[in-house]
Every structure is written in C-alpha cells, then in structure tokens.
Amino acid sequence: MLTVQNLSVSFTQYDTGLTQKQLTVITDLDLHVNAREVVAVVGSSGSGKSLLAHAVLGILPHNAQISGTILFKGEPLTRQRQASLRGKAIALIPQSISYLDPLMPVGRQVHQAARRAGVATTDIRQRVDHTFSRYELASTVKQQYPFQVSGGMARRVLVATAAVGQADLIIADEPTPGLHPDLVAETLNHLRQLASAGKGVILITHDLEAALQVADKVAVFYAGTTLEIAIAEDFVNGNLRHPYTQALWRSLPQNEFIPVPGAQPNPDALPDGCLFSDRCPLVTDACLTERPSLRLVRGAPVRCIHAEG
Amino acid sequence: MNFLIRFTVSKLLHLMLLLAAVAVLTFLLVSVSPIDPIDAYVGAARRVTMTDEQRALIAQRWGLDQPLITRFIRWLGQLLQGNLGESMTYHQSVAAVIATRFQASLWLMALAWLFSGVFGSTLGILAGATAGSWCDRLIRLYAYTLSSAPVFWIALLLLVIFSVNWQITPICCATPPGVLLQDVTLWQRLHHLILPALTLSVIGIGSLALHTREKLVEILQSNYALFARAQGETTTGIVLHHGLRNVALPALTLQFVGLSELFGGSVLTEKVFGYPGLGDATVQAAIRSDVPLLVGIVFFSAIFVFAGNTLADLSYRLIDPRIRIGGIER
C-alpha cells in the first residue's frame with residue numbers, strides 16, 4: 001500500500017547572520033506497509049519518526065525539501081495527490097488531546113473529520129454515531145470539550161477521528177505516550193482491529209515493547225535512516241540482523257535491561273560511514289568509509305555489512 | 001448561578017473600594033488646586049468689585065471656613081444621597097447634565113466601538129491568515145500608522161477632506177443648525193455622527209487588528225491546526241472552523257477593555273467636531289472651573305471604565321467553556 005524508498009528530508013535554516021544551511025534530518029529512509037498489516041516504526045526521539053508521518057501526509061513546514069520516492073497504491077505521492085488524499089485515504093491519529101481544538105466539542109470535531117474525509121453530508125451524522133458507539137463512547141461525550149474528557153476517552157476520540165472516514169492507510173503518531181498499560185493495550189487493540197478491517201497501519205512509537213504487542217513488522221529508525229525492518233517474531237526467535245536492533249531488544253526490562261551505550265549522532269554531525277558506527281561493537285574500517293545499503297538478509301531488509309544470512 | 005452571585009458581590013465590593021478611593025483623591029486634588037470656588041461661582045466681572053465681607057459671608061455659608069475633614073464628610077454625605085451638585089456652566093443639576101450629555105456620547109461611542117470591532121478584527125484575521133504576504137504587510141503598516149497617529153490630528157484631517165474639500169459631511173455639531181431638536185431626522189443624526197465615530201474608532205482598530213493577527217498566527221501554528229491540515233483542511237477552512245472560534249474571545253475581551261480608551265478619546269474627538277457629548281462637557285467644565293460637574297464626570301468615567309473591565313472579565317467566564325464548565329482559571 002505504501003512504499004517509501006530512499007526518502008531524505010532536509011530543512012533550510014538560517015545559521016549565524018544570513019548564511020543558510022541545510023540540515024538533513026532524514027537520510028535514505030525506507031518503509032513498506034501492506035494492507036491488513038501493522039508496521040511499527042521504532043526509534044528514539046530525533047530519529048525522524050514523526051517527520052516521516054508528516055512527509056507522507058505532505059504537511060512538512062515550507063522550509064523542508066524532500067527527495068526519494070513515496071508510492072501510495074503503486075503510484076507516486078505527489079504534492080497534489082497528497083493534498084487530495086490526506087484525511088481521505090490517509091489518516092493521522094495524533095499524539096495527544098492537544099491536537100483537538102480546545103473550544104470545540106469533541107463530537108463536532110469527529111463530525112469535522114468525517115466531512116473532511118469526504119463522507120456524504122447526509123451520512124455524516126450516522127457515521128459519527130456509529131463510530132462513537134463502536135469505540136464505546138457515550139453520546140453525551142459528544143457535547144464535551146477536550147479538557148473534559150478523561151485520558152482513556154481522549155485516546156478513543158482520537159482513534160475515532162481517523163476511523164470515521166474510510167482511510168486505507170492510518171498513521172498513528174506516538175499514540176501511547178506515558179499511558180497506563182491497560183490503556184496502551186486498548187489503544188493498540190484498536191489499531192489491530194483497523195488492520196484486520198483491511199487497512200494498513202503505521203504505528204510510530206519509541207516503545208519497542210508496546211510495538212511488539214501488536215506489530216507484524218518493526219522498522220527500526222536511527223538518526224533519520226532505517227537500520228532494519230524485522231518481522232515481529234525475529235525478536236523472540238533471536239533472529240535479529242542489526243546490532244542496534246539486538247541492543248534495543250536486550251535493553252528491555254524483561255530481557256537483560258542493558259542500555260545501549262552512547263547517543264544518537266546530531267543531524268549536523270553525522271558520521272561519513274554507517275550512522276551507527278560510533279556505537280557499534282562490530283565496527284570495522286569498512287563501516288567508517290561507506291554507508292551500507294539496504295539488503296535482504298534472512299528474508300528482511302537490513303543496513304549492515306556484518307549481517308549474515 | 002452561584003458563580004454569578006459571587007461574581008456580582010465581589011465586583012460590587014471592588015467598585016465601592018474604587019469609588020471611595022476616587023472620592024478621597026478627587027476631594028484632595030480639588031482642595032489643593034488653584035481654583036477658588038467663590039471666584040468660580042461669582043465669575044470674573046464680579047470678582048473685582050466684591051468686598052472682603054461679602055466673600056467671607058459666602059465662605060461661611062458654604063462652610064469653606066471649616067477644616068478639610070469636616071468639609072469632606074459633609075460633601076460625602078451629600079454625595080451618598082445622590083446629590084452631585086449644580087453645574088455652574090449649564091445651570092442644571094450635574095446628574096441631569098451627565099445624563100443628557102452621555103446620551104449623545106453613547107451613540108458616538110457605540111458606533112465607534114462597533115466599527116472598530118468589526119473592522120479591526122476583520123483586518124487582523126485577514127493579516128493573520130496571510131501572514132508574511134504583501135496583504136499582511138499592508139494591513140500591518142496601516143495598523144501601525146493608525147496606532148501611532150494622534151486622534152485630534154486624524155479628526156482634523158478627516159474634517160479637511162470630507163467636510164471642507166468634498167463637503168459631503170457636516171463640519172460640526174450633532175444636529176444641523178437652525179433646526180428644532182424634535183424635527184431632526186435619524187438620518188441627519190447619523191450624518192453628523194459619521195466623521196466623529198470614524199475618528200474615534202481609529203483608536204481601537206490598530207491594536208485590535210494587530211492583536212487578532214498575532215493570535216491567529218499562533219492558532220495556525222498550533223497542534224490542532226496541524227491536525228486539521230493532516231485531515232485535508234485548507235488554510236481558509238482552518239481559519240473558518242478553528243481560527244474564528246479561538247480568536248473571538250481575546251478579541252472581545254480586548255474590545256471591552258478598550259472602552260476606557262474610547263472614553264478618553266471621545267474628549268478630543270468631541271472637541272474637534274464640536275459634538276455636544278460628555279467629552280465636550282468635560283472640556284467646558286475644566287475651562288470654567290466648574291468643579292461640581294468635573295467631579296461628577298470623574299465619578300461617572302470611573303464607573304464606566306469599571307463596567308468595561310467587568311464586562312471583559314465576565315465575557316471570558318461566560319463564553320470560554322474551560323472556565324465556564326471546568327472552572328479552570330488561566
């Protein structure tokens with residue numbers, strides 16, 4: 001459904017005085033999402049996760065430049081196509097209630113989402129009612145303002161804004177930040193249901209543990225690039241290909257709970273070779289000179305010259 | 001309801017404190033001012049011919065020989081009974097002068113208020129929605145110019161252009177000369193109001209437009225605007241559905257707070273246009289040392305400005321759901 005190849009995003013910034021500088025925040029990013037599939041995009045903050053969502057939707061700020069290919073249903077996603085598809089074929093589930101208008105009742109906002117999604121005016125009411133009952137939201141919630149709804153309800157309202165339309169691709173940008181485990185499970189369940197209904201779902205998160213509860217595939221982002229797109233079972237089966245993915249897995253509390261030493265490089269000081277080279281236990285001279293390309297190892301793409309089949 | 005009672009009681013207490021402070025201050029200022037109440041009463045011609053005995057007699061009759069505190073208490077007693085005294089300029093009770101004069105001013109201020117509100121917020125929304133474009137620059141330049149131009153100067157400019165050169169508006173007053181008050185038509189009243197109202201509205205337009213613009217720019221950069229865009233909404237759609245809703249409250253509040261500036265501006269405007277309102281009466285009272293009228297106007301303006309600020313406060317509490325329902329103070 002969605003294919004992202006060699007995506008790069010850079011920003012034009014004013015440095016000291018009037019000299020402009022290019023800040024490359026995403027380099028050679030790859031992602032592939034099929035219908036009926038939940039693909040988790042996992043990475044720490046600054047790895048380009050949210051920017052990927054904005055790039056797909058075409059809502060990056062004006063000073064951003066994009067290169068590479070984004071295909072949606074096999075056809076290039078141009079600016080015009082993005083403008084006509086966003087909200088309709090591609091929907092976003094935002095992070096928090098702050099993405100809702102503070103002065104508009106939430107029912108009205110789901111109604112707006114339906115209108116923007118292109119639902120026929122005569123059907124909007126029914127669809128909103130249907131979506132509200134589907135997510136077990138009482139109809140009295142419709143009249144409430146965002147500040148009035150509880151954390152759990154807020155999650156469901158945000159999912160409802162995306163589910164009220166007929167979008168084929170749903171991008172959930174960090175939908176479970178600091179939530180109670182029950183709420184995390186509930187929200188992830190909703191995403192799973194959307195995928196089962198035939199949609200493609202991208203789950204953007206920094207929480208690998210949450211991602212593994214629901215994802216079919218896990219794309220590991222690092223410093224604006226894709227290091228590996230692993231199949232969910234690879235984690236439990238010890239079948240991981242990239243040293244960073246392995247380190248992430250080991251850092252989980254239920255595993256060895258060892259943090260990955262070092263920090264992600266800044267976008268304005270990226271290494272010339274492999275982006276992970278300065279933290280990698282397997283680093284060799286070959287890693288330092290050239291950025292490894294994405295290649296298939298044991299059936300999944302990985303960006304490491306040391307990964308073996 | 002409970003809230004409204006609490007709000008009213010607290011505001012009334014505030015108002016009483018304010019008026020008490022104004023009473024003390026006004027009385028002190030008038031008593032140390034160089035105005036001699038007897039001179040002001042008898043007029044310039046009689047002042048020279050009056051003997052010291054006559055002078056002392058008036059002073060005694062008025063209680064001017066009493067100490068300051070006694071005078072203040074006697075004055076306050078009269079004030080509390082609603083007696084503001086007689087205006088020497090208009091030979092009427094001060095209350096009557098203020099009532100008739102304020103009616104004229106009310107029309108002027110209401111029209112100016114409405115005009116600046118509509119025009120200022122429209123310009124602000126237009127500028128905010130097109131932030132950075134030539135349209136925005138033009139509106140900002142216009143707003144800065146208006147904000148920094150003195151009211152009396154704009155009044156004179158408008159008079160020169162519309163009344164002298166083009167002769168499409170009257171040059172002064174609230175009604176045509178030589179026409180009985182009961183024969184004046186509504187159109188004639190409006191015709192005389194246009195220029196003063198336009199001048200007075202200028203005070204509010206600039207700041208309201210700039211404020212509204214700032215607020216809208218902030219809204220368009222908010223998370224909820226970004227989410228609306230992600231849902232496929234255009235900038236125009238975002239302004240219509242989210243911008244107006246969120247901009248309305250601060251704009252309305254600013255308009256209510258602006259009532260005080262409007263009152264101050266009306267003094268200059270009415271003077272230039274010879275419009276017989278409260279502002280014109282203020283100038284007359286000051287020139288002729290008409291202390292009772294001046295004091296009356298001071299009290300009236302204090303209440304007027306207080307009412308404006310209270311309305312601003314109330315509008316937030318009644319309209320913003322976060323405060324109305326949630327009781328969340330910002």
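Numbers restart at 1 for each chain; the letters A, B, ... are given by sequence-line order, proteins then strands.
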**Request:** Report, by ascending residue number, the residues of residues 222-232 of chain B in heavy-atom contact with chain A at a distance under 4.5 Å; give 'none' if the set is empty.
**Result:**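 Checking residues 222-232 of chain B against chain A gives B:Asn223, B:Tyr224, B:Leu226, B:Phe227, B:Ala228, B:Arg229, B:Ala230, B:Gln231, B:Gly232.
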
**Request:** Could you tell me which of A:Ile97, A:Asp101, A:Thr161, A:Leu92 has the largest number of non-hydrogen atom pairs under 4.5 Å with chain B?
**Result:**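 Highest number of heavy-atom pairs under 4.5 Å: A:Asp101.
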
**Request:** Among A:Gln148, A:Gln95, A:Arg116, single out the residue with the greatest number of heavy-atom pairs under 4.5 Å to chain B.
**Result:**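 Looking at each of A:Gln148, A:Gln95, A:Arg116 in turn, A:Arg116 comes out on top.
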
**Request:** Enter the distance from B:Asp320:CG to A:Phe147:CZ here, rounded to the nearest 0.5 Å.
**Result:**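 So the CG of B:Asp320 and the CZ of A:Phe147 are separated by 8.0 Å.
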
**Message:** Can you pull out every ring pair (Phe, Tyr, Trp, His ring centres under 6.0 Å) where at least one residue sits in residues 116-151 of chain B? Sequence neighbours excluded, please.
**Reply:**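 For residues 116-151 of chain B: B:Phe115-B:Phe119.
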
Can you establish whether the number of heavy atoms outside [X] located under 6.0 Å from its atom [atom1] is more than 12?
X: A:Gln126; atom1: CD; value: no
X: B:Gln103; atom1: CD; value: no
X: A:Arg125; atom1: CZ; value: no

Please output the side-chain donor-acceptor pairs of residues 249-262 of chain B that fall under 3.5 Å, not counting sequence neighbours, one pair per line with the distance.
| unit_1 | atom_1 | unit_2 | atom_2 | d |
| --- | --- | --- | --- | --- |
| B:Thr253 | OG1 | B:Leu249 | O | 2.8 |
| B:Gln255 | NE2 | B:Trp113 | O | 3.0 |
| B:Gln255 | NE2 | B:Ser116 | OG | 3.3 |
| B:Ser260 | OG | B:Val257 | O | 3.1 |

**Heavy-atom proximity to chain B below 4.5 Å, by part of A:Ala91** =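 The answer is neither part of A:Ala91.
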
**Asked** Mind checking which of residues 53-88 of chain A sit less than 4.5 Å from chain B, heavy atom to heavy atom?
**Response**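 The stretch touches chain B at A:His54, A:Leu57, A:Ile59, A:Arg86, A:Gly87.
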
**Asked** B:Arg322 side chain to A:Pro102 main-chain N or O, any donor-acceptor pair under 3.5 Å?
**Response**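 No.
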
